[in-house]
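The analysis underlying the following values was restricted to heavy atoms, covering all of them including side chains, and did not include hydrogens, waters or symmetry mates. Ligands are counted one by one from 1 in listed order, and the atoms in each one are counted from 1 as well.
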Amino acid sequence: MLRVAVVGSGPSGCYTAQHLVQQDPEVRVDVLDRLPCPYGLVRYGVAPDHEKIKSLQAGLCTVLEHERVRFLGGVRVGGPGGVPVKVLRGLYHAVVYCVGAATDRRLGIPGEDLPGCWSATEFVSWYSAHPDAADAGYVRGVRSAVVIGAGNVAVDVTRMLMRGAAELRPTDMPQAALEALTASGVEEVRMVARRGPAQARFTTKELRELGTLPGTRVAVEPGDLALDPADPETLPAARRRNLDVLRGWAGRPAGSGRDIRLRFFLRPVELLADGGRVGAVRFERTAPDGHGGVTGTGRYEEMPAQLVLRSVGYRGVPLEGLPFDEASGTVPHAAGRVVRDGAASSGEYVAGWIKRGPSGVIGTNRPCAKETVASLLADAPELARADVPGDAVPALLAAGTEPVAWDGWLAIERAEAELGARLGRGVVKLADWESLLAVARSA
Ligand SMILES: Cc1cc2nc3c(=O)[nH]c(=O)nc-3n(C[C@H](O)[C@H](O)[C@H](O)COP(=O)(O)OP(=O)(O)OC[C@H]3O[C@@H](n4cnc5c(N)ncnc54)[C@H](O)[C@@H]3O)c2cc1C
């Protein structure tokens with residue numbers, strides 16, 4: 001009987017476990033996560049007002065409740081205090097790393113470390129109740145915000161800054177974030193992209209949603225649109241639809257309520273301080289270079305901003321004991337088999353964002369996990385010869401971790417429902433390690 005550890009309980013970890021139990025009638029899978037809560041970015045990334053996407057958790061839950069799958073939360077692999085990769089490898093016939101891409105890319109410009117400039121990752125983690133997130137006073141005293149980037153995460157954070165109390169209250173957002181966002185005086189968000197509207201990566205559905213926010217007007221600079229040389233007829237359908245939406249918003253006059261302005265062909269070059277924190281962003285106007293990229297024009301523009309969120313991509317972080325390709329921010333692999341020193345490493349696999357980089361939607365992780373599981377099961381006869389413990393938990397305890405079992409997670413879910421009821425809301429997430437672990441350990 002094959003025993004497999006899956007590290008990470010996000011979509012790729014859950015889909016890996018699902019493919020394993022579907023294809024091997026005997027395999028036993030432990031899904032380990034450093035957090036006491038499962039589901040990765042479905043819980044801690046997908047925007048709280050996107051209930052339909054959040055509800056995908058139900059499908060992932062079914063996998064984790066399968067009789068041959070066991071969730072072990074609160075188990076970090078690698079790093080300080082974590083179970084070393086080598087130790088874990090000795091406890092299972094195979095280990096599949098599904099640890100995602102936990103960090104963000106930087107702009108690499110002066111002023112980036114000023115208070116008031118944060119990564120979208122930090123902001124998302126805060127309103128999603130990630131226990132590692134700190135309340136940095138993101139929206140305190142902010143009238144104008146600049147979001148740098150043109151993907152769906154940039155759209156998410158722009159939307160969350162503009163949503164009102166009536167729309168945020170029914171979400172599972174932690175109470176402190178709800179109070180801060182609803183009390184904020186943010187009047188204007190500018191979403192700014194280095195390249196043109198035809199290259200923007202947001203999906204039309206997310207883009208259109210910006211135009212439906214109550215009391216908020218969306219506008220696009222007609223001059224930015226005119227700069228784009230792309231012939232709409234030659235563009236893929238999705239990008240053509242984006243352009244149609246953007247053209248519908250071109251040149252609208254300022255509204256009386258809140259404003260979202262979408263800007264293109266502007267590259268951030270410096271963040272300017274005002275009273276010890278960010279006060280403005282200086283951009284260089286870019287122009288199409290004729291090869292699908294952009295080039296600087298030597299013309300500059302400044303935008304006032306007391307909050308700057310950068311959303312220019314995610315990046316995997318190296319896991320001590322696993323090989324890592326710095327250029328791509330992923331673990332080198334061949335069809336999901338971890339590659340060490342040019343050769344496939346026995347019994348070590350990857351799936352999800354740490355395997356293919358931070359792109360694609362939740363569903364993209366399913367075929368990705370399927371490929372990895374096919375490789376693992378092809379290797380199974382060889383892997384099954386190893387002598388591993390019947391149950392890894394005693395060894396995990398000996399290694400200094402105290403796993404949170406499924407019951408512990410269910411207790412957290414109950415506590416979040418009770419907290420929501422007390423606050424006159426629906427479910428409200430617990431946002432700190434202490435509360436999460438206290439509730440989980442009480443189960
Ligand atoms: C802000 C944001 C919003 C998104 N919104 C959507 C959306 O609306 N719709 C959509 O389809 N897609 C969305 N996505 C994309 C989607 O979330 C990803 O495709 C998906 O989560 C990637 O899955 P994963 O399992 O590879 O990584 P993750 O979901 O990140 O899961 C990784 C898991 O590994 C655990 N882990 C990490 N390191 C360790 C360690 N050392 N030891 C133990 N455990 C560890 C983490 O705690 C985490 O639970 C969004 C992404 C982001 C960033």
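- Inter-residue side-chain proximity for Phe71 and Val6 is flagged as unmet; no heavy-atom pair is nearer than 4.5 Å.
- Counting atoms of ligand 1 from 1 in the listed order, those under 4.0 Å from a heavy atom of Gly352 are 26 (O).
- Side-chain contact, Thr203 with Asn152: a donor N or O sits under 3.5 Å from an acceptor N or O.
- Ligand-side atoms of ligand 1 in range of Gly40: 29 (O), 31 (O), 48 (C), 49 (O), range being under 4.0 angstrom from any heavy atom.
- Listed by atom number, the atoms of ligand 1 under 4.0 Å from Arg76 heavy atoms are 42 (N).
- At a cut-off of 3.5 Å, with distance as the only test, no side-chain donor of Trp353 or Asn365 sits close to an acceptor on the other residue.
- When each atom of ligand 1 is checked for a heavy atom of Gly8 under 4.0 Å away, the hits are 33 (C), 34 (O), 35 (C).
- Nearest protein heavy-atom contact of atom 37 (C) of ligand 1 is Val99 O, 3.3 Å.
- Within the structure, the closest approach of Gly78 to ligand 1 does not fall below 4.0 Å when heavy atoms are considered.
- Regarding atom 6 (C) of ligand 1, its nearest protein heavy-atom neighbour is Val46 CG2, 3.7 Å.
- In this structure, atom 48 (C) of ligand 1 has protein heavy atoms in its sub-4.0 angstrom surroundings.
- Checking Asp379 against Tyr349 by side-chain atom types alone, a donor-acceptor pair falls below 3.5 Å.
- Under the 4.0 Å criterion applied to side-chain N and carboxylate O atoms, Glu188 and Arg261 are assigned as salt-bridge partners.
- A donor-acceptor pair shorter than 3.5 Å cannot be found between the side chains of Thr171 and Asp49.
- Contact annotation: for Asn365 versus ligand 1, heavy atoms closer than 4.0 Å belong to the side chain alone.
- For Val317, the closest heavy-atom approach to ligand 1 does not fall below 4.0 Å.
- A side-chain N or O of His50 and one of Glu209 form a donor-acceptor pair less than 3.5 Å apart.
- Polar contact with ligand 1: present for Arg34 (N/O pair, distance under 3.5 Å).
- Between Tyr138 and Trp118, the ring center distance clears the sub-6.0 Å criterion.
- Side chains of Thr372 and Lys355: a donor-acceptor N/O pair is present below 3.5 angstrom, by distance only.
- Residue-to-ligand polar distances keep Tyr39 apart from ligand 1: every N/O pair is separated by 3.5 Å or more.
- At least one donor-acceptor pair closer than 3.5 Å links the side chain of Lys54 to the backbone N or O of Val42.
- Interface atoms of ligand 1 facing Cys98, defined by a heavy-atom separation under 4.0 Å, are 32 (C), 33 (C), 34 (O).
- Only the side chain of Tyr314 comes within 4.0 Å of ligand 1, counting heavy atoms alone; its backbone N, CA, C and O stay farther away.
- Both tests hold for Arg366 against Tyr15: distance to the six-membered ring centre under 6.0 Å, angle to the ring axis within 45°.
- Neither the backbone nor the side chain of Thr121 comes within contact range of ligand 1; no heavy atom lies under 4.0 Å.
- Contact check on Arg310 versus Glu112 returns a salt bridge, with a Lys/Arg side-chain nitrogen under 4.0 Å from an Asp/Glu carboxylate oxygen.
- Of all atoms in ligand 1, numbered sequentially from 1 with element shown, those under 4.0 Å from a heavy atom of Leu35 are 47 (O).
- Of all the heavy atoms of Val153, the ones lying under 4.0 Å from any atom of ligand 1 belong exclusively to the side chain.
- With respect to atom 8 (O) of ligand 1, the closest heavy atom belonging to the protein is Ile53 CD1, 3.4 Å.
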**Message:** Test salt bridge (charged side-chain N to carboxylate O under 4.0 Å, His left out) on Asp104 and Arg315; report intermediate values, then the result.
**Reply:** CA-CA 5 Å; Asp104 59 281; Arg315 198 181 146 72; over 6 Å; no

**Prompt:** What do the steps show when you test Glu418 against Arg425 for salt bridge (charged side-chain N to carboxylate O under 4.0 Å, His left out), and what is the final call?
**Reply:** CA-CA 10 Å; Glu418 283 160 22; Arg425 297 174 56 197; over 6 Å; no

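- Of the protein's non-hydrogen atoms, the one nearest atom 26 (O) of ligand 1 is Trp353 N, 2.9 Å.
- Under the 4.0 Å distance rule, the nearest protein heavy atom to atom 42 (N) of ligand 1 falls inside the cut-off.
- Regarding atom 29 (O) of ligand 1, its nearest protein heavy-atom neighbour is Leu41 N, 2.9 Å.
- Annotation: atom 25 (O) of ligand 1 to nearest protein heavy atom, Ser12 OG, 2.6 Å.
- Of all atoms in ligand 1, numbered sequentially from 1 with element shown, those under 4.0 Å from a heavy atom of Val77 are 40 (C), 41 (N), 42 (N), 43 (C).
- Of all protein heavy atoms, the one lying nearest to atom 11 (O) of ligand 1 is Ile362 N, 2.8 Å.
- For the ligand labelled ligand 1, residue Ala102 lies outside the 4.0 Å heavy-atom shell.
- The nearest protein atom to atom 23 (O) of ligand 1, hydrogens excluded, is given as Pro11 CD, 3.5 Å; this is a heavy-atom distance.
- For the pair Leu35/Pro131, a side-chain contact is recorded, criterion being any heavy-atom separation below 4.5 Å from C-beta on.
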